[in-house]
Amino acid sequence: MIKSLHRAALNPVSAWPLAIGRLILGITIFGWSVTMMFDVSDLLGPNAVVPPEGASRHFRWLPIESTWATWCAMITLVVASVAIAVGFRPTIFLLLSFVLLVSVQRRTPEILNSGDIILRNLTLLFALCPTGAAASLDRWRRVGRDEFWTAPLVAPWGLHLVQLQVSMVYLFAFWSKSGELWRNGTAVSTSLRLDDLQRFGEIEWLVDNVAIIALLTWGTLIIELMLGVLLWVKSLRPYLIAVGLLLHLFIDVFLLVGFFGPALAAGLMSFLDGDRVQHRIDRRIARRRVSADNSVDAVVAGVSEG
Amino acid sequence: MSRASAEDEPCPEGPSDLHSRLVNSAVGRWAVGMMLVVGTVWIALPNMPASPMRDRIDAVWAPATEIGLVQDWAVFSPNPRSQSLDVRAEIKLESGEVVMWDVPEFDPIVGAFRQYRWKKWQERVRLDARTDLWGPTVDWLRREYPNAARVTLIRRWIDHKPLNEFGVSDSPSIGWNGFRFCTWPDGSDGDTRSCS
C-alpha cells in the first residue's frame with residue numbers, strides 16, 4: 001500500500017491538466033481583481049462601509065488599509081493574474097496572488113462568500129504544482145514554437161493536493177445539506193426564490209414545478225456526492241467533469257454566487273486526462289497541417305496550369 | 001506530433017521545473033512526503049463535523065486557517081435560508097426631504113460579480129449580532145449624503161414557505177416586511193435603537 005501511495009505521489013503525469021487549470025485560475029483571479037477595483041473606495045478603502053478596524057483578526061500577510069496600498073495591491077493582483085494566465089513564472093505569481101488575495105479579503109471579511117475562499121485556496125495549491133510546464137510563456141521560451149503544443153511529464157504531488165481540495169469541497173457541500181428541504185426535494189425552489197440571490201429575477205415556471213424542482217434538488221445532491229467520491233475513478237472523470245461544469249453553469253446563470261463556479265472549474269481541470277488532451281491537440285494540429293498542405297498544392301497546381 | 005514523454009524532454013539533465021526536480025533526491029522526496037501529509041491533514045480534517053473531538057484537535061489546522069487556507073463548504077445548508085433579505089436606509093435631509101438608499105444594483109452579466117459582495121455585506125449588517133457594523137454604515141451614508149439630518153437603517157425580508165404539492169404558496173404580492181433597526185442621531189426616532 002505504501003509503495004502504491006509512493007508511486008501515485010511521485011510517478012510523473014502529463015502537465016496538461018495543470019496548464020489548463022492555471023489558465024482558468026489566472027482568468028478568474030483577473031476577473032476577481034478587476035471587479036473588486038470598482039468598489040475599492042466603498043468596500044476596501046479607509047472610508048469604506050466597513051472601516052479598517054473591522055478587518056479580520058486572522059493573520060493578514062500585508063496590512064492593506066490606505067487607499068494607496070489598496071490600489072497597489074489590486075493593480076499587482078491584476079498583473080499577477082495575467083502572468084499566471086500566460087504562464088510567465090506562474091509559481092511566483094501564484095504565491096504572490098495568494099498573499100494579496102488573503103490580505104485584501106481579510107480587510108473586509110463581511111463581503112466574502114465560499115467562492116472567494118476556494119479561489120485563494122486553489123491559488124495556493126496550484127503554486128505547489130509545475131503549472132508553467134505546458135502551454136506557457138515559460139515553455140515557449142524554453143523549447144520554442146515547435147514543441148509548444150506538447151506537454152512534459154511532471155511530478156504529480158501538488159496536483160494531488162489540488163484534487164483533494166476539489167473533492168473535499170463537493171463531498172462536504174453534500175454532507176452539510178442534511179436539512180428537511182434537501183431531503184424532501186424542494187430546496188432548489190427556496191434557493192431560487194431568494195430575491196437577494198437572484199441574478200435575472202425569479203423564474204416562476206421553474207420554482208413552481210414540483211417535479212423539475214425535485215429532480216434539480218436531488219440531482220444536486222447526487223452530483224455533489226459523485227464529484228466528491230467518484231472523481232478518483234479515472235474512467236468516470238470525463239463525464240463527471242462535464243456534469244460538474246454543467247452544475248456550476250446552472251448555478252451561475254440563476255444565482256449570485258460570485259467566483260465559486262469559475263474557481264471550481266479551474267479545480268476540476270486537475271482531473272483531466274493529460275494524454276487524452278495531448279491526443280486531441282495532436283489530431284487538431286495534424287488536420288491543420290493537412291489542410292495547409294492541400295492549399296499549398298492547390299496554389300502550386302494553379303500556378304503550373306497558368 | 002507524438003506525445004511527449006520524460007525521454008523527449010530537451011533537458012538531458014532531467015525535468016526543468018523545480019517541483020519535479022524536488023523528487024529526484026532523497027531529501028526532496030522526504031520534504032514532498034511531509035508536505036503531502038501536512039497538506040492532506042490541513043485540507044481534509046477541518047471539514048470534520050462539529051464535535052468535542054474536533055474541538056480537541058483543531059490546533060492541528062490552526063496554522064492553515066491563519067495563513068488563509070480555510071475550509072467551509074456548507075453552502076445552502078443544512079437548508080437554504082427561508083427569507084429574502086434586504087437592507088435600506090431612510091435618510092432625512094436638512095431640507096426636510098426624505099430619500100431612500102438601497103444597496104447598489106449592477107447589471108446581471110458582469111455586474112453580478114460585484115453584486116454578490118454587497119449582498120453578502122447586507123446579510124451581515126442587518127444582524128443584531130453585528131451592531132459593530134451599524135455605526136460605520138451610518139458614517140458611510142453621511143459621507144454619501146453630507147446634508148443628512150437623520151439616518152434610519154431598515155431591515156426588510158420576505159418569508160418563503162417551502163414548495164408543496166400545490167406549488168409555491170408565497171407570492172410577490174406578499175411584499176416586504178420591514179423593521180427600523182437603528183437611527184442616527186440617538187433618540188431622534190422614538191424607540192429605535194442607536195446606531196453607534
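Proteins come first, then strands; the chains are lettered A, B, ... in the order of their sequence lines, and each starts at number 1.
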Inset, instruction - For the residue pair B:S77 and A:W175, establish whether any side-chain heavy-atom pair is separated by less than 4.5 Å. - result: no

Inset, instruction - Give the member of A:Y170, A:F260, A:F259 that has the highest number of heavy-atom pairs under 4.5 Å with chain B. - result: A:F259

Legend entry - Nearest non-hydrogen partners of B:W140 and A:N47, listed with the distance: CD1-O, 3.2 Å

Inset, instruction - Against chain A, label B:P49 side chain, backbone, both or neither, depending on which of its atoms sit under 4.5 Å from a heavy atom there. - result: side chain

Legend entry - Part of B:W118 within contact of chain A (heavy atom distance under 4.5 Å): side chain

Inset, instruction - Grab the two heavy atoms, one from A:W182 and one from B:P78, that are nearest each other, plus how far apart they are. - result: CD1-O, 2.9 Å

Inset, instruction - Look up atom CE in A:M37 and atom CZ in B:R114, then write down how far apart they are to the nearest 0.5 Å. - result: 12.5 Å

Inset, instruction - Determine whether B:P136 and A:V50 make a side-chain contact, defined as any pair of heavy atoms from C-beta on separated by less than 4.5 Å. - result: no

Legend entry - Interchain contact, B:D72 with chain A, by part (heavy-atom threshold 4.5 Å): backbone

Legend entry - Among A:L10, A:L101, A:D42, A:N184, residue most engaged with chain B (heavy-atom pairs, under 4.5 Å): A:D42

Inset, instruction - Compare all side-chain heavy atoms of B:D17 with those of A:V154 and state whether any distance is below 4.5 angstrom. - result: yes

Legend entry - Side-chain (A:R199) to main-chain (B:I109) donor-acceptor, under 3.5 angstrom: yes

Inset, instruction - Only one of A:D116, A:D39, A:T35 passes side chain to side chain donor-acceptor pair (under 3.5 Å) with B:R117; say which it is. - result: A:T35

Legend entry - Test item: A:D208 and B:L163 side chains (from C-beta on) under 4.5 Å apart, heavy atoms: yes

Legend entry - Non-hydrogen side-chain atoms of A:L125 and B:I43 separated by less than 4.5 Å: yes

Legend entry - B:R81, part contacting chain A, at a heavy-atom distance under 4.5 Å: both

Legend entry - Side chain, backbone, both or neither of B:E144 within contact of chain A (heavy atoms, under 4.5 Å): side chain

Inset, instruction - May I ask you to test the A:E53-B:D132 pair for a side-chain heavy-atom distance under 4.5 Å? - result: no

Inset, instruction - Using non-hydrogen atoms and a 4.5 Å limit, figure out which bit of B:E165 sits close to chain A: side chain, backbone, both or neither. - result: backbone

Inset, instruction - Taking the side chain as every heavy atom from C-beta outward, state whether A:V188 and B:F76 have any atom pair closer than 4.5 Å. - result: no

Inset, instruction - Could you point out which residue of A:T131, A:T91, A:L18, A:L159 forms a side-chain contact (heavy atoms from CB on, under 4.5 Å) with B:H19? - result: A:T91

Inset, instruction - Measure B:V23 against the heavy atoms of chain A and call it side chain, backbone, both or neither at under 4.5 Å. - result: side chain

Legend entry - Portion of B:L22 that has a non-hydrogen atom of chain A nearer than 4.5 angstrom: side chain

Legend entry - Pair listing, side chain to side chain donor-acceptor pair (under 3.5 Å) test, anchored in residues 57-71 of chain B, at least two apart: A:H58-B:E66, A:Q165-B:Q71, B:Q71-B:W73

Inset, instruction - Heavy-atom pairs under 4.5 Å with chain A are the metric here; pick the option from B:D86, B:L85, B:D139 that has the most. - result: B:L85

Inset, instruction - Mind ranking B:V110, B:V32, B:T137 by heavy-atom pairs under 4.5 Å with chain A and telling me who comes out on top? - result: B:V32

Legend entry - A:L255 portion near chain B, given a 4.5 angstrom heavy-atom threshold: side chain

Legend entry - Minimum side-chain heavy-atom gap B:Y116-A:N113 below 4.5 Å: yes

Legend entry - Pick from B:Q115, B:M35, B:R143 with the largest number of heavy-atom pairs that fall under 4.5 Å of chain A: B:R143

